[in-house]
Amino acid sequence: MVQEPTFKRFLPVAALLATGGLFFFSTGLTGIRPLVLVAPVPVLLIAQRVSRRAATLLAFLASCVGGLNLVGYLSRLAPTTFVVLSILLPALAFALVVVAFRDAILHLRHPMAFLAFPVGWTAYEFLLSTFSPHGTAGSIAYTQADVLPLIQIASLTGIQGMTFVITLVPAGIAAGMLTRDRRHFLAIFLVVLIVGFGSLVYGWIRLSSDRSGESIRVGLVANDSTVRYYESTDREMARQSLHSYLRAASVLAARGASIIVLPEKIVGVTEAYDREILDSLSAFARNEHVAIVAGLNRIGVYPHRNYAVALSADGSIQGEYDKAYPIPGLETGYQTGTRIFTPKIAGIPSGIAICKDMDFPEWIRNYGAARTQMMIVPAWDFSVDAWLHSRMAILRSAENGFAMVRAANNGYLTVTDDAGRVVGEAASSDRSPVMLVCDVHPGTGRTFYAGAGNWFAWVNLAALLVLLVAVSRRLARRFSTHPS
């Protein structure tokens, strides 16, 4: 009996390490993002040469290797059990999708069988975002959040369209390398070309649309040196922290800002002095003739409140918004907001959300359905995730057609237009207050996705079901013909 050459026996391990390594260096908080477009290819190829059990194991381990890039970050924020599940659950999903791709290619023998991979992955991400307390965190779509032409597809499909395109590419590469039928190769090539290039063309067209209407000047400020006061119940500390923000805000007002946004939880407030804090904000807005949105941390009562208050330029309070998605664990005991808040701020139909709320497209789509033209977001990041979390929020702009003004401690001050283009950005600092002033055009407040919702995700779920049924029938027919 002739043994396989040693290098061939090593191929499964090489594929595992290649895919795992490519995911490690292209996903996570930072990375060489284009590598994600080829990361699955080695495992997709080797899956056709090994048993289903071996393909499942290889894909699972490859995803685990890639997921190690988030261990350090997650271990700072969550218990070990959560960290382990955050690696194992995506790995299991990846393994199942790879096996679906393997079986579709081997048993359907149809040029479109390769769609099992993008359809499966897109369906998985949608289901996960529907039930996860962390929303769309972890979606592969966010790796390409800076590719402006690509993110425009989200205005039609939500980020599921981005996930589909991103996973379509490696599936097409692998299927093209596997087929020996020229017609199949041509069909695969044309599908990848039409969908991929078509998405980019749509993006370029949307980016070139006219945004020459009136702009508004916004001002943002963050001061990392005062974040430690967010749980303080000391009146004097609260007063000093707020006044440090208002001194910086007065500079922004002098530079022409009509709306000033302060971060999440800038100060802890209690029943003893909450009126004083609100009166100070009101007096500032009235004296400087600016609208202001500030995030406050209401403590001393249960449940606590992580909320934002909006004040008009005459100093009157327009309303308050409670964070809808408190961070599990870190914000246990906080009231959960149940209603969106859509005040007119400086005459612009606006919406207010707080930090993690922007991770949940379905919640933010309520603002899109309400024709919101500008989203104002007090936020607080964890420094190392500053880029990623700001970009997750930016995709909500592209999905719903609103400009966004996001002020984050331990993160970025970010202003974007309704296409997700960064108009202005600055990193917060603990050395002194960081300020940002820029002009931004309010969005149109209209996108197809905002009106139609998750239609594309449901199409993928239906397509996945059809593929699974087709493969199951083919396998059952073969088994009945050759029971041995």
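- R474 contributes a side-chain N or O that, together with a main-chain N or O of H107, makes up a donor-acceptor pair within less than 3.5 Å.
- Interatomic distance, M358 CE to M392 CE, rounded to the nearest 0.5 Å: 10.0 Å.
- Note: F82 and H134 meet the aromatic proximity criterion, with ring centroids under 6.0 Å apart.
- The CG atom of D418 lies 12.5 Å from the CE atom of M374; values are rounded to the nearest 0.5 Å.
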List the steps, then state whether side-chain contact (heavy atoms from CB on, under 4.5 Å) holds for V36 with Q144.
-> CA-CA 9 Å; V36 78; Q144 307 304 309; 3.3 Å; yes
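- Of the possible polar contacts, one joining the S397 side chain to the F402 backbone as a donor-acceptor pair under 3.5 Å is found.
- Within the 4.5 Å cutoff, the side chain of I259 has no heavy atoms near those of the V405 side chain.
- Looking only at distances, a side-chain donor or acceptor of T447 sits under 3.5 Å from a matching main-chain atom of A450.
- Judged purely by atom type and a 3.5 angstrom limit, T19 uses its side chain to pair as donor or acceptor with the backbone of A39.
- Looking only at distances, a side-chain donor or acceptor of D314 sits under 3.5 Å from a matching main-chain atom of S316.
- A salt bridge between R391 and E425 is present, with a side-chain N of the basic residue lying under 4.0 Å from a carboxylate O of the acidic one.
- Although no hydrogens or angles enter the test, the distance criterion places no donor-acceptor pair under 3.5 Å between the side chain of R217 and the main chain of S258.
- Contact check for E264 versus N306: side-chain heavy atoms found under the 4.5 Å cut-off.
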Identify every side-chain donor-acceptor pair in residues 163-178 under 3.5 Å, counting partners at least two apart or on other chains, and give the distances.
residue	atom	partner	partner atom	Å
T163	OG1	E125	OE1	2.8
T163	OG1	I159	O	3.4
T167	OG1	T163	O	2.7
T167	OG1	F164	O	3.3

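- If you check the side chains of E362 and N454, you find a donor sitting under 3.5 Å from an acceptor.
- In terms of heavy atoms, G368 sits closest to N400 at CA-OD1, 3.6 Å.
- The closest side-chain heavy-atom distance from E320 to F341 is not below 4.5 Å.
- In this structure the side chain of C355 reaches within 4.5 angstrom of the side chain of R406, judged on heavy atoms.
- Evaluation of the side chain to side chain donor-acceptor pair (under 3.5 Å) rule for H184 yields no partner, not counting sequence neighbours.
- Two residues are said to be in side-chain contact when any heavy atoms from C-beta on lie closer than 4.5 Å; R298 and Y307 meet this criterion.
- Heavy atoms of other residues, nucleotides or ligands lying less than 6.0 angstrom from OH of Y73 number more than 12.
- With a 4.5 Å cut-off on side-chain heavy atoms, S86 and V83 do not count as touching.
- Residue-environment remark: CH2 (W458) stays at or below the threshold of 12 foreign heavy atoms within 6.0 Å.
- The two residues S155 and A398 come nearest to each other via the heavy atoms CB-O, 3.2 Å.
- Interatomic distance, I153 CD1 to I151 CD1, rounded to the nearest 0.5 Å: 11.5 Å.
- A cation-pi contact, defined as under 6.0 Å to the ring centre and within 45° of the axis, is absent between R182 and F185.
- Although no hydrogens or angles enter the test, the distance criterion places a donor-acceptor pair under 3.5 Å between the side chain of S390 and the main chain of W387.
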Are V192 and F114 close enough, and set up right, to give a side-chain contact (heavy atoms from CB on, under 4.5 Å), and what steps lead you there?
-> CA-CA 10 Å; V192 175; F114 82 104; 4.0 Å; yes
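- For the residue pair P303 and Y334, the shortest heavy atom distance occurs at CB-C, 4.0 Å.
- Note that CZ of F117 and CG of L464 are 12.5 Å apart. Values are rounded to the nearest 0.5 Å.
- In this structure, the side chain of R33 engages the main chain of S26 through a donor-acceptor pair within 3.5 Å.
- Summarising the geometry of Y449 relative to T157, their closest heavy-atom pair is CD1-C, 3.7 Å, with the distance given to 0.1 Å.
- The two residues A285 and I292 come nearest to each other via the heavy atoms CB-CG2, 4.1 Å.
- Panel note: side chain S428, backbone G411; a donor-acceptor pair is recorded below 3.5 Å.
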Decide side-chain contact (heavy atoms from CB on, under 4.5 Å) for L127 and L461; before the verdict, give the C-alpha distance in whole Å, the side-chain angles of both, and the deciding distance to 0.1 Å.
-> CA-CA 9 Å; L127 290 174; L461 280 168; 3.9 Å; yes
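- Judged purely by atom type and a 3.5 angstrom limit, D417 uses its side chain to pair as donor or acceptor with the backbone of G420.
- Counting all heavy atoms, side chain and backbone alike, A308 lies closest to V293 at CB-CG1, 4.4 Å.
- With values rounded to the nearest 0.5 angstrom, L388 atom CG is found 9.5 Å from T30 atom OG1.
- Side chains of Y142 and T136: a donor on one and an acceptor on the other come within 3.5 Å.
- For T336, there are no side chain to side chain donor-acceptor pair (under 3.5 Å) partners, not counting sequence neighbours.
- Annotation: side chain of I140 is in contact with side chain of W121 (closest heavy-atom distance under 4.5 Å).
- Interatomic distance, L467 CG to L115 CG, rounded to the nearest 0.5 Å: 7.5 Å.
- Counting heavy atoms from C-beta outward, V377 and I352 have side chains that stay 4.5 Å or more apart.
- Side-chain atoms of D357 and W363 form no donor-acceptor pair, as typed in the model, at a separation below 3.5 Å.
- Ion pairing between K356 and E331 fails under the 4.0 Å rule for side-chain N and carboxylate O.
- Side chain to side chain, D359 and Y325 fail the donor-acceptor criterion of an N or O pair below 3.5 Å.
- Taking the six-membered ring wherever Trp is involved, the centroid distance between the rings of Y124 and F94 does not fall below 6.0 Å.
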When you look at R76 and V384, which way does the side-chain contact (heavy atoms from CB on, under 4.5 Å) test go after all the steps?
-> CA-CA 11 Å; R76 293 169 48 192; V384 294; 3.7 Å; yes
